[in-house]
Amino acid sequence: MEKTITVTVNGTAYTRTVPLRLLLVDFIRDDCGLTGTHIGCTYEGRCGACTVQIGGRAHKSCMKLAVQADGKEVTTIEGLGSRDNLNRLQQAFSRYHALQCGFCTSGILMNAAEFLKENINPSEAEVRRALVGNLCRCTGYSHIVEAILAASAVRHGVKPVPPPAGTEPDR
Amino acid sequence: MTAIGETGWIGRSLERREDARLLTGRGEYLADVRVPDCLHLCFVRSDHAHAKIGEIRLAAALEMPGVVGAITGAELSTEMQGQKIPVLIPAFAANYRQYWPLAVDEVYWHGEPLAAIVADDKYAAEDAAAAAEVDYEPLPVVTDPEAALRDGAPRVYDDWDNNEIFATSYTGGFDPDQIAKNDAEVEALFAKADVVLKQRFHTQRCGVCPIETRGALAIWSEADGLTVHLTTQRPHIERLALADLLELSTAEVRVIAPRDQGGGFGVKAPFYREHVVVCHLARKLGRPVRWVETREEHLMTVSQERDQIHDLEIAANKEGRILALRNRGIGDVGDGRQGVYWGFVMPSLGSVMLPNAYDIGHADIKLRCAVTNKTCLSPSRSFGALPTRFALERGLDMLARRLGMETAALKRKNLVTEFPFTSVTGVHHDSGDYVRAWDALLERFDFAGFRAWQNEARTSGRYIGIGFACGAEFSGIPSDVLVPLENQPGYGVVTMRIDPRGKVAIFEGDAPQGQSHETTMAQVAADAFGIHPDDVSVRHGDTGTTPLSSGTIGARGASYTVAAIAEAASALKAKMARYMIHDHGLEGASADDFSFRDGAIIYEKDDNVRRDFAALADRIVMGSINVPPGEDPGLEHTAYFEAPKPMICFTAQAAKVEVDIETGQFTILDYATCEDVGTVINPIVVEGQVQGGVVQGMSNAMFEEFLYDEYGQQLTADFENYRLASAADVPTVTVGHSPTPCPDHPMGVRAVGEGRPGPVPGALANAICDALAPFGVEITTLPLKPEMILALIEAGRAGNGG
C-alpha cells in the first residue's frame, strides 16, 4: 500500500510515493536525506533523538507515519539555524558544552526550542521536567539545563509579562 | 616536564570544534554513511536461552519481495574460521571457547544470532527475518552464577567439566604455596582484629547503553578488498581481527570508525560477532551490506556489565585503621564468548581495583567467574570496578558505624598518603594528595556543622544524610598492564604533520565517541606551537591514515594520546629550531633558546631573530635546498608515549539525600565531587566528563537492571523496561578540583574518562543509610529501589520494637 504525499521540510516541498507504513523518521532520513534526525530507541518514543517540529510543535518522528505529515510543515535540526548563523539556543549549547557525542542533541534542541517559545523564564526544575522525553548518556544533563536556561528569553533582556489579572496561582 | 604553555591554550574552556556540525544536524555517524546499491542486513535471533537448534526454514523469507540472500550459522561455519584467534585472546589462563558469529547447532542465550538475511531495504529485511522459522529443542537453563559454580550444577557447555570460565587469586603471588602463606597471614590479622565486618554485596546486571546503537557498513572491492565503516572504539584492533577471521591480507582491510559516534563508554570496545557477518556477506555478494542495530538488539546483546557478588570482610583496629581485607567475588559473565574480554576481564579488573585509594597492607582477594545462559558481559565505563567499589565503600561505612566513628573520618584515616604507592593487588598509585581532596569535599558539604543540622531535621520528620566514596581510577593503561590484559599495546601514538602554510594535522588511531578530541588535542598542539587551535586539525579512526593504536579505552585520550602529541610537538619544534640555527648562523644556540608564540619562532637571546611559523614551515617543507647537515626535509613526526606504570586519577564524591520514610523514595539534594585531574586542558570538557560519568553511576545505582526470568528470557529489551535516568531524576553535579600534576605525563595531565561512575552507588547508598541511621538501615544490593529501601526501614522499625 502506497500513497503519494507532499511534506514540506525546512521550507522545501518533498513529494514522494511512500509505503503507508513508512515512519516519518525514515522519510526524513532516507527520502529527504536529512540525517541530523537520529534513531536511538526501538521506535517507542523513549529516547527523543528523533524529535522534530510539525507545525511548530515538537513531535517524535519515530512515532508518526510519513503519511501523517502529508501537507504539513516539518522543521528538522537542519532548519533550526545554519552552520554560519546558529540561533541563540545552539550558541548556548556550544558555550555551555551541552553536548558531547551529539547524538541526542538534535532532538533536545528541537524540543527545547519549542519549550523556550512558551517559557520565557523557566526554572531549573521546569527545564528538567521538559527534558524527560530526551535521554542523554554523555552529559549528565547539567550543562544541557544550564544552556537552556541561558538561552531563555528573559536572560536575553525580554521582560516577563505579568499574568492577566485573576489568574495568579493559589498561594 | 616539558615547558609547553607558551601561548596559553591550556586550561581554557574553548568552545568545541565538533559543535558546529553536531548542532546543525551535520554530524557524520555510522547510519548517515550512504553508498549506492547497499543491502540491509537483519539478524534472526534465538527465542530461547539454551536449546539445540533444529531445522531453520528460510524458504518463505527468501521469497519475500526485496530479499537477496540469507545465511545460517551452519553454512557460515564452513566459510570462515571461528572467532578464537590470538588477536582476540588475552594472556590469562581461562576457558576460551571456540564460537562462530552465528550459532551452530546450539544457542546459549536469548537473542543469540543464528541466521542473517539481507534485502534491498531495512523494512524488507526485518519482514523476512520475522518470517524465518526455527525449530528448537530446549535445554536446561543456567541463570544463577553462584548455583552454576556448585558441584553437579547443570552446565551451559556440556563438554566442560563445570561452569567456571576463570578463577584466580589477586594476592600473595602466583605460586599456590605463596598464596596459601598469604591467606594464613591475612587470617592471623583477622583473628587479632578489634572488629571484623563481614558482608555480602550484590550489584545487578546493568551498563551504559550509548544512545547510538552499534552498526557496520561493509564495502567489498576486488581491487582494494574490504572497506568497513564500524561503530568501534578501536578500529586498528578490529582490522587485525577481521583480516584474520576472513583470511584476508591486512593490506586488503581498511576499518573506518565514523568521525562522529554517538557514545561508547566501553560498549564499542569489544570485537562483536555481528561485524564479521556483515563483512563476510559484502564480500560474498559483491554488494555493500549495512547493519544498524536496533535498540532491542542492543539491550539483548550488549551494554550488560556489573553483575558481581562480593563476600567482603574487613578487619580493623578500634581506631578505624584497616588491618586486612578478604574478598570472595563471583562474576556472572554470561556465555563468555566475546573477544577480547570474554566476559571475565571486567570482573577480574574489578577485583584488581578493589583496594584502590586506601592504604591496605594485607589482603586475600579471589574471584570466580561463571558462564550462564545470558549474553556475554561487555564493558561499561568504570570497567568491572563499579561493583567492587560499591562493596568497599559500603563496607567501610558499615565498619565505621560498628566502631561508632564518622565514616568520613575513618575513610580519611585510611587514604593513601605516601607515593608512589603500590596496592596489595599491584596497582601503582603514582602521586597525589588524596587527603587534601577529601578535606576539600568535606568543606564543600559544610560537613563540620552537618550532624547538628541533621538531628534537628529528624525532629521535624525529615531524614537527610550524607554519604562519601572515592576512587583511584586508571588514567590510561600502560603496555605493562594492557599487553597481558588484552594482548594489545598501551602506548599512545600520533602522527603529526605540519604543512607549508603552517597548519598542523594530527592523525590519531583511536576512535572517540564524544570525548572532544578534536578540540582538546588541538589546544595542546596550538599551545605547543604558539599558534591558534583553528590551525590544528585532528583526524582519527581511519586505519588507512592513522598509526596503529589500541583505541579510545581506559581514559587513554588525555593521558597517552595527548602525551604523544606533546612529544611529537617537542620533536618538531626542535627540528624547526635547528633550521633556525642553521639559517641564521646561530652557532652554539640550542633548541631551548627558541620560543614558539604568537605564530612565530623567536630566538630568545635576540628577538630580532624570528620567523613566522608558517614561513618556517614553508621553508622546511617546500624549500628543500640548503638543508642543515644531517637533517631530513619535511615536518612530520610519529611519537610514541609510554608510561612505565599506570597513572592514576583520584576522585572523591559525596551525596546528600533526603528519604521519605513512608515510601522509601529518596531525592538527591546535592552531589559534588573533588577531582585530582592534574593539569586541566579544557575545564568545561573535564566538568562534562565528570558530570556525565557521575550521572551514569546514578542511573546504574537507581534504575537500571537487566532482568532474566527462570527460563533465561530477557525481560528488559526496551527503554520502557530498562530505564535510564532522565534530566528530572538527577541534580546538577558540582565538580571541584584539588589538582596535583601527574609526574609521569609530560604535561602533568590525568585523564577522567573512565572511572567516574564507580564511586557513585556507594556514595548514594551511604547517604541513604546515613539518613536512615535511626532505623539501622544497611543497604547491600543495587539498584536502590524504593521498595527495597522501604523494606529495610520496616525491618528496622520492627527491630527497634516498632
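Numbers restart at 1 for each chain; the letters A, B, ... are given by sequence-line order, proteins then strands.
To the nearest 0.5 Å, the span separating SG on A/C47 from CD on B/E212 amounts to 11.5 Å. Going from atom CG of B/L23 over to atom CZ of A/F93 covers 8.0 Å, rounded to the nearest 0.5 Å. Here the CG-OG distance, from A/L131 to B/S726, works out to 8.5 Å after rounding to the nearest 0.5 Å. Between the CZ atom of B/R16 and the NE2 atom of A/H97 there is a distance of 5.5 Å, given to the nearest 0.5 Å.
For a residue to count as touching a neighbouring chain, one of its non-hydrogen atoms must lie under 4.5 Å from one of that chain's; by this rule B/P512 does not touch chain A. Contact of B/Q689 with chain A is made through backbone and side chain together, with heavy-atom distances under 4.5 Å. In this structure, no portion of B/V690 lies under 4.5 Å from any heavy atom of chain A. Using a 4.5 Å cut-off between heavy atoms, B/E687 contacts chain A through both its backbone and its side chain. Proximity to chain B (any heavy atom under 4.5 Å) is shown, for A/I108, by neither the backbone nor the side chain.
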Next on the checklist: A/L86 vs B/T24, test: side chain to side chain contact (heavy atoms under 4.5 Å, CB included). Steps then yes/no.
Outcome noted: CA-CA 8 Å; A/L86 301 181; B/T24 53; 3.4 Å; yes

Checklist entry - So B/Y123 and A/L22, side chain to side chain contact (heavy atoms under 4.5 Å, CB included) or not? Walk me through it. => result CA-CA 9 Å; B/Y123 286 66; A/L22 182 73; 3.6 Å; yes

Checklist entry - Where do B/R381 and A/R137 land on the side chain to side chain contact (heavy atoms under 4.5 Å, CB included) test, with the steps shown first? => result CA-CA 12 Å; B/R381 201 173 188 176; A/R137 209 51 171 152; over 6 Å; no

Item to check | Residues B/E15, A/R95; criterion side chain to side chain contact (heavy atoms under 4.5 Å, CB included); working and verdict | outcome: CA-CA 6 Å; B/E15 292 186 28; A/R95 189 166 316 123; 3.8 Å; yes

Next on the checklist: Run the side chain to side chain donor-acceptor pair (under 3.5 Å) test on B/Q691 and A/H143 for me, step by step, so that the C-alpha distance in whole Å, both residues' side-chain angles and the decisive distance to 0.1 Å come before the verdict.
Outcome noted: CA-CA 9 Å; B/Q691 289 173 332; A/H143 286 167; 3.1 Å; yes

Item to check | Steps toward salt bridge (Lys or Arg N to Asp or Glu O under 4.0 Å) verdict (A/R128, B/D729) | outcome: CA-CA 8 Å; A/R128 286 185 177 274; B/D729 296 318; over 6 Å; no

Next on the checklist: Let's go through A/T42 and B/E296 carefully: what are the C-alpha distance in whole Å and the side-chain angles of both, what is the deciding distance for side chain to side chain donor-acceptor pair (under 3.5 Å) to 0.1 Å, and is it a yes or a no?
Outcome noted: CA-CA 6 Å; A/T42 306; B/E296 185 181 21; 5.6 Å; no

Next on the checklist: Pair A/E124, B/T732 - check side chain to side chain donor-acceptor pair (under 3.5 Å), show working.
Outcome noted: CA-CA 10 Å; A/E124 178 182 336; B/T732 292; 3.2 Å; yes

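Contact detail for A/S142 and B/P731: the closest heavy-atom pair is OG-O, 4.1 Å. Taking each heavy atom of A/F103 and B/Y29 in turn, the nearest pair found is N-OH, 3.2 Å.
In this structure, B/R295 contributes its side chain and A/Y43 its backbone to no donor-acceptor pair below 3.5 Å. For the pair B/E720 (side chain) and A/R46 (backbone), a donor-acceptor distance under 3.5 Å is absent. Here the side chain of A/Y141 pairs no donor or acceptor atom with the backbone of B/V730 at under 3.5 angstrom. Put simply, the side chain of A/S94 never gets that close to the backbone of B/D19: no donor and acceptor are under 3.5 Å apart. Under a 3.5 Å cut-off, the side chain of A/E44 and the backbone N or O of B/F719 do form a donor-acceptor pair.
Options A/L99, A/T105, A/T37, A/V127 differ in how many heavy-atom pairs under 4.5 Å they form with chain B, and the most are formed by A/L99. Interface remark: of the candidates A/Q91, A/E146, A/R129, A/H38, A/H38 forms the most heavy-atom pairs closer than 4.5 Å to chain B. Among A/C101, A/G140, A/G133, the residue with the largest count of heavy-atom pairs under 4.5 Å with chain B is A/C101.
The pair B/D127-A/R21 meets the salt-bridge criterion, with a side-chain N (NZ, NE, NH1 or NH2) lying under 4.0 Å from an Asp/Glu carboxylate O.
Annotation: side chain of A/D30 is in contact with side chain of B/R34 (closest heavy-atom distance under 4.5 Å).
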